[in-house]
2 protein chains.
Amino acid sequence: MAKPQTSGLETHLGYWLRYVSNHVSHAFARKLEARGVTVAEWALLRALFDHDALAPSEIAGNMGMTRGAISKLTDRLEAKALILRTQSRDDKRWQTLALTASGRALVPKLAALADRNDEEFFGHLTATERQAIAEAMRTIVRRHGFKNIPTE
Amino acid sequence: MAKPQTSGLETHLGYWLRYVSNHVSHAFARKLEARGVTVAEWALLRALFDHDALAPSEIAGNMGMTRGAISKLTDRLEAKALILRTQSRDDKRWQTLALTASGRALVPKLAALADRNDEEFFGHLTATERQAIAEAMRTIVRRHGFKNIPTE
DNA sequence: TATTGTTATACTCTATAACTATA
DNA sequence: TATAGTTATAGAGTATAACAATA
């Protein structure tokens with residue numbers, strides 16, 4: 001009748017999610033490494049692929065990172081010639097970020113790596129299982145009002 | 001007929017797991033902060049709760065961390081008087097780590113925080129849903145031979 | 001030599017806060 | 001003053017590698 005007083009690590013669903021997520025993410029990071037980018041850089045490049053000309057502070061809001069973190073991230077991406085900073089004429093405090101030609105060319109290749117990584121870890125699940133898990137995760141995001149794009 | 005060439009972030013199950021896992025883990029970290037420990041420290045303390053007198057290199061193997069990382073971790077835990085380092089008599093290269101009285105008293109309180117955190121994020125799911133997700137994760141761990149205990 | 005634990009270095013991401021330039 | 005972007009600092013985590021002590 002007495003519940004165990006001290007639950008173990010493996011009794012928590014959060015433990016299992018973190019366990020798998022860490023490995024999946026690290027495997028993805030190793031794949032991206034061959035292209036010279038990190039997971040955070042991939043997330044930003046992918047965002048610019050759809051919405052070019054975003055301002056750093058907008059990105060900070062979308063991705064749940066601080067402006068300082070975005071500043072360092074864009075430093076690295078600019079040094080790799082994957083994005084371009086442009087000052088706004090109207091308000092010189094604002095910048096807009098956009099992909100360079102080589103940045104835009106790279107994104108589909110990175111997306112293919114993401115596809116391959118997902119297939120590697122979740123390919124054995126049925127489509128129904130994958131959808132059920134994804135839906136459960138989306139529900140949790142909705143219920144808790146998460147605003148960040150994960151970058152780890 | 002043509003598949004989209006450049007898949008988006010949200011098309012990958014790995015993205016959703018990382019998204020939710022990061023938030024769940026950060027929420028847990030904030031709860032642990034009130035007790036002055038990190039998630040990595042919690043995982044080590046919980047391991048010692050079951051298997052006292054582990055050697056740092058054994059822990060490194062179990063948790064998938066380097067010996068250097070364990071060394072820093074045990075430095076902090078010893079400074080907080082939660083664990084004790086003891087040199088082995090037989091082979092002076094070996095140490096054994098064990099919980100102090102206050103360390104042992106703390107673990108059940110941390111476990112309660114973990115229970116509460118899990119309930120907060122996954123409590124709305126049915127037992128069947130939770131078990132299905134946990135089982136899917138365990139299967140992935142088994143298939144890929146993961147060896148690390150997640151500490152982020 | 002091989003192994004244990006420690007230390008040093010470097011990098012990523014996180015967070016806070018001070019700083020500049022502009023409005 | 002308020003805001004955008006930068007920079008500095010500090011901490012936790014990762015990884016590699018050199019190191020001393022011991023076997």
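Protein chains get the first letters and strands the later ones, always in sequence-line order, with residue 1 at the start of each.
- For the pair Gln87(B) and dG5(C), the criterion of a side-chain N or O lying under 4.0 Å from OP1 or OP2 is not met.
- Considering only heavy atoms from C-beta on, Val24(B) comes within 4.5 Å of Phe122(B) through its side chain.
- Checked against dG5(D), dT6(C), dC13(C), the side chain of Ser71(B) finds its nearest nucleotide in dT6(C).
- Remark: P of dA12(D) and CG of Asn22(A) are 18 Å apart, rounded to the nearest angstrom.
- For dG5(C), one of the phosphate oxygens OP1 or OP2 lies less than 4.0 angstrom from a side-chain nitrogen or oxygen of Ser57(B).
- Put simply, CG on Leu54(B) is 15 Å from C1' on dT4(C), counting in whole angstrom units.
- Comparing dT6(C), dT14(C), dT12(C) by their nearest atom to the side chain of Lys72(A) picks out dT14(C).
- The only member of Glu41(A), Gln95(A), Arg85(A) that meets side chain to side chain donor-acceptor pair (under 3.5 Å) when paired with Thr74(A) is Arg85(A).
- Computed from coordinates, the Glu33(B) CD to dT14(C) C1' distance equals 12 Å when rounded to whole Å.
- With dT14(D), dG5(C), dT6(D) as the candidates, the nucleotide lying closest to the side chain of Ala69(B) is dT14(D).
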Show your working on side-chain contact (heavy atoms from CB on, under 4.5 Å) between Arg18(A) and Val39(B) and close with a plain yes or no.
CA-CA 11 Å; Arg18(A) 200 166 66 248; Val39(B) 177; 3.8 Å; yes
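- In this structure, Glu135(A) contributes its side chain and Ala132(A) its backbone to no donor-acceptor pair below 3.5 Å.
- Residue Leu48(B) forms a side chain to side chain contact (heavy atoms under 4.5 Å, CB included) with just one option from Leu82(B), Leu99(B), Val107(B), Leu84(B), and that option is Leu99(B).
- In terms of heavy atoms, Asp115(A) sits closest to Ser7(B) at OD1-OG, 2.6 Å.
- Look at CG on Leu73(B): it is 10 Å from C1' on dG13(D), rounded to the nearest Å.
- The interatomic distance linking Arg30(B) (CZ) with dA15(C) (P) rounds to 9 Å, in whole Å.
- Between Phe28(A) atom CZ and dT12(C) atom C1' there is a gap of 16 Å when expressed in whole angstrom units.
- Rounded to whole Å, atom C1' of dG5(D) lies 12 Å from atom CD1 of Ile59(A).
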For the pair Arg143(A) and Glu120(B), evaluate salt bridge (Lys or Arg N to Asp or Glu O under 4.0 Å) and give the outcome as yes or no after the intermediate values.
CA-CA 11 Å; Arg143(A) 286 173 60 98; Glu120(B) 184 176 322; over 6 Å; no
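- Between the NE2 atom of His26(B) and the P atom of dG11(D) there is a distance of 18 Å, rounded to whole Å.
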Counting primed atoms plus P, OP1 and OP2 as sugar-phosphate and everything else as base, spell out the protein contacts along nucleotides 17-23 of chain C at 4.0 Å heavy-atom distance: B, S or - for each nucleotide, 5' to 3'.
-----BS
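- The side chain of Thr38(B) lies closest to dG13(D) when the candidates are dG13(D), dT4(C), dT12(C).
- Nearest to the side chain of Trp94(B), among dA4(D), dG5(C), dT7(D), sits dG5(C).
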